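To start, the structure under review is shown below, and the notes come after it.
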Amino acid sequence: MQAPASKSSMQRACAAALLHPGETILLNPGHSNDDLAALDVITKLGATAHMQSDHTLLIQSRGVHPQSTTIHCGESGLGIRMFTPIAALSNLSLTITGSGSLVTRPMDFFDQILPQLGVAIHSQQGKLPLQIQGPLQPAPITVDGSLSSQFLTGLLMAFGAAAKEEVMITVDNLASKPYIDLTLDVMRHFGRNVRHIDHRFFYIAPAEQAPPYHISYTVEGDWSSVSFLLVAGAIAGSVRINGISQSSSQADKAMLHALKDAGAILETGRDFVEVKAGELKSFHFDATHCPDLFPPLVALASCCAGTTVVKGISRLAHKESNRALTLQKEFTKLGVDIQLSGDDMLITGAHELRGAEVHSHHDHRIAMACAVAALRAEQSVEIEVAEAINKSYPDFYRHLTALGADINIDEQ
């Protein structure tokens, strides 16, 4: 089975293509809701995007030249945090907004940082919508990276496009460092000059030479989405996923360590992973820098003998749902005991899960975790708001069915 496109890679590539004065060809473009929202944003900010007959995506841009005064980022946390500083490169007054859980997520980072960069901003007490007016002027600043690395991604992208001389961003308590590595990989591919010392001091300089007019970028396979399929293989049979790079900077590649520690049988190559069921046992895992792995980790731990400990629940409060509480609530219905203790989640596996009615809480990863866990349930599991998967992995149920799962989708 071929890995789906990474929305982390796709959205960053869209932003880089917007900031690239020329043509970009995206190979293996994604089509999740978050990907489509990113394409809508860059067209609102002045780019054009056309799908080609060979299923590549052609993006043409002259930089940030807004065609609309309202920029809607859908439900994408990365989108709102990355594109706000990029949109602020314009001198127009713009409204940045979103929908779903985004309207409740804290955005006061921008209230604190953007005025230091010459950008006027007004938020709703740290929430959306944001009214901003630039242009953003790169300057030495210190930022708190503990809430999300996505804010830093936006600043790095914007600084890379606007820096006239080398400028430094100092970052305290950076979370999810691998995601910043992915950002830097994309920026370098597009000719942006960035270096860092220990993920604390980031130096952004003007490009040493003009980038080529035509740039081609291949969107990576998505370790976040693939993690659910790999767990399915570990608990219910076997699976081989192609098109997934072992050299990727994606944080969720760490899922392989959890699977190995749990006793799954792994075979890996340069661009594939194969997982077979083994005698699964409890494990310990630190998900502080890869919090999106919590849902597939819980699905895996639910089928392991003993009590698994996963660290990092402090990173889960401001996702599409409060994932620590949501996972606890929904997996309890399946007969799995989950305890929250400080920054740790303790999951005691069940030999056989119960059938039940569960709810995704409009969270794509909760829906996928419940669907994968259902492969070991004694009776059917019904998932309410199952279509939440469209946010990141619209082909998930089709792919899970291709692996042998019995899935009935109510189209009503």
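Numbering starts at 1 and runs along the sequence shown. Here the structure is a predicted model, which means the values were calculated and not measured.
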Is there a side-chain contact (heavy atoms from CB on, under 4.5 Å) between Val226 and Asp252? Walk through the geometry before answering. CA-CA 9 Å; Val226 161; Asp252 293 343; over 6 Å; no
Taking the inter-plane angle between the rings of His196 and His199 on a 0 to 90° scale, is it parallel (under 30°), tilted (30 to 60°) or perpendicular (over 60°)? tilted
Residue pair Ser248 / Glu220, side-chain donor-acceptor N/O under 3.5 Å: yes
Quick one about Arg365 and Ser360 (side-chain donor to acceptor, distance below 3.5 Å, no hydrogens or angles considered), yes or no? no
Establish, from distance only, whether the side-chain atoms of Asp34 and Ser32 form a donor-acceptor pair under 3.5 Å. no
Does the side-chain contact (heavy atoms from CB on, under 4.5 Å) test come out yes or no for Ile169 and Tyr203, once each step is laid out? CA-CA 7 Å; Ile169 299 176; Tyr203 300 88; over 6 Å; no
Just checking, any donor-acceptor pair under 3.5 angstrom between side chains of Thr70 and Ser68? no
When you look at Arg195 and Glu166, which way does the salt bridge (charged side-chain N to carboxylate O under 4.0 Å, His left out) test go after all the steps? CA-CA 10 Å; Arg195 60 187 177 90; Glu166 186 173 78; 3.5 Å; yes
Shortest non-hydrogen contact from Leu182 toward Ser8: CD2-CB, 3.8 Å
Check the side chains of His50 and Gln60 for a donor-acceptor pair under 3.5 angstrom, ignoring hydrogens and angles. no
Hey, what do you get for NE2 (His361) to OG1 (Thr326), rounding to the nearest 0.5 Å? 5.0 Å
Atom pair CE/SG of Met82 and Cys14 - distance to nearest 0.5 Å: 7.5 Å
Ring-face cation contact, Phe109 with Arg81, 6.0 Å cut, 45° max: no
Listed pairs under 3.5 Å, donor-acceptor, residues 336-344 side chains, sequence neighbours left out:
unit_1, atom_1, unit_2, atom_2, d
Asp337, OD1, Gln339, NE2, 3.0
Asp343, OD1, Ile313, N, 3.1
Asp343, OD1, Ser314, N, 2.7
Asp343, OD1, Ser314, OG, 3.0
Asp343, OD2, Gly312, N, 3.4

Below 4.5 Å, heavy atoms only, C-beta onward: do Glu330 and His359 meet side chain to side chain? yes
Please tell me if the side chains of Leu117 and Leu155 come closer than 4.5 Å, counting only heavy atoms from C-beta onward. yes
For Lys329, I'd like to know if atom NZ has over 12 heavy atoms of other residues, nucleotides or ligands within 6.0 Å. no
Please tell me whether His31 and Asp395 have a donor and an acceptor in their side chains that are separated by less than 3.5 angstrom. yes
Counting N and O atoms only, with roles assigned by atom type, does the side chain of His65 sit under 3.5 Å from a partner on the main chain of Ser90, one being a donor and the other an acceptor? no
Leu300 side chain reached by Cys304 side chain, heavy atoms, under 4.5 Å: yes
Lys/Arg-Asp/Glu bridge criterion (N-O < 4.0 Å) met for Asp222, Lys7: no
In Å, rounded to the nearest 0.5 Å, how long is the span from CD1 of Ile241 to OG1 of Thr268? 13.5 Å
Exceeds 12 heavy-atom contacts within 6.0 angstrom, atom CD of Glu352: yes
Only one of Asp198, Val143, Leu156 clears side chain to side chain contact (heavy atoms under 4.5 Å, CB included) with Val171; which? Val143
Are the side chains of Met345 and Val298 in touch, meaning some heavy atoms are under 4.5 Å apart? yes
State plainly whether the residues Lys177 and Asp181 are in salt-bridge range, i.e. N to O under 4.0 Å. no
If you count the non-hydrogen atoms of other residues, nucleotides and ligands that lie under 6.0 Å from NZ in Lys127, is the total more than 12? yes
Could you tell me if the side chain of Leu403 sits less than 4.5 Å from the side chain of Leu229, heavy atoms only? yes
Taking atom types as modelled and ignoring hydrogens, do the side chains of Asn28 and Thr218 form a donor-acceptor contact shorter than 3.5 angstrom? no
Separation of Leu102 CG from Met107 CE (nearest 0.5 Å): 5.5 Å
Give a yes or no on whether the ring-centroid distance for His289 and Tyr179 is below 6.0 angstrom. no
Apply side-chain contact (heavy atoms from CB on, under 4.5 Å) to the pair Thr95 and Ile71, showing each step before the final yes or no. CA-CA 6 Å; Thr95 299; Ile71 308 300; over 6 Å; no
What I want to find out is whether Asp292 reaches Arg323 closely enough, with some N-O distance under 4.0 Å, to be called a salt bridge. yes
Would you confirm whether His20, through its side chain, and Pro212, through its main-chain N or O, come within 3.5 Å as a donor-acceptor pair? yes
How many angstroms lie between atom CD1 of Ile347 and atom CG of Leu297, to the nearest 0.5 angstrom? 7.5 Å
Does any donor atom in the side chain of Asp271 or Ser245 lie under 3.5 Å from an acceptor atom in the other side chain? no
Restricting to non-hydrogen atoms, name the atom on Ala277 and the atom on Ile265 that form the minimum distance, rounded to 0.1 Å. O-CD1, 3.6 Å
Can you confirm whether the side chains of Thr308 and Ser282 place a donor and an acceptor under 3.5 Å from each other? no
Would you indicate whether the side-chain heavy atoms of Val273 and Leu230 approach each other to under 4.5 Å? yes
Taking the side chain as everything from C-beta on, heavy atoms only, tell me whether Leu293 gets closer than 4.5 Å to Phe285. yes
Would Phe151 and Phe110 count as a close aromatic pair, with their ring centres under 6.0 Å? yes
Does Tyr397 offer a backbone N or O that forms a donor-acceptor pair with the side chain of Thr401 under 3.5 Å? yes
Sidechain N-carboxylate O distance under 4.0 Å for Arg200, Asp172: yes
Looking only at side-chain N and O atoms, does Gln67 offer a donor or acceptor that is under 3.5 Å from a partner on Thr43? no
To the nearest 0.5 Å, tell me how far Leu353 CG sits from Glu378 CD. 8.5 Å
Does any non-hydrogen side-chain atom of Ser224 lie less than 4.5 Å from one of Ser392? no
Does the pair Ser176 and Ser149 meet the rule for a side-chain hydrogen bond (donor to acceptor under 3.5 Å, both in side chains), with working shown? CA-CA 6 Å; Ser176 301; Ser149 65; 4.6 Å; no
Partner residues of Ser123 under the side-chain contact (heavy atoms from CB on, under 4.5 Å) criterion, sequence neighbours left out: Asp111, Leu130
Stepwise side-chain contact (heavy atoms from CB on, under 4.5 Å) check, Leu19 with Ser61: CA-CA 7 Å; Leu19 296 170; Ser61 180; over 6 Å; no
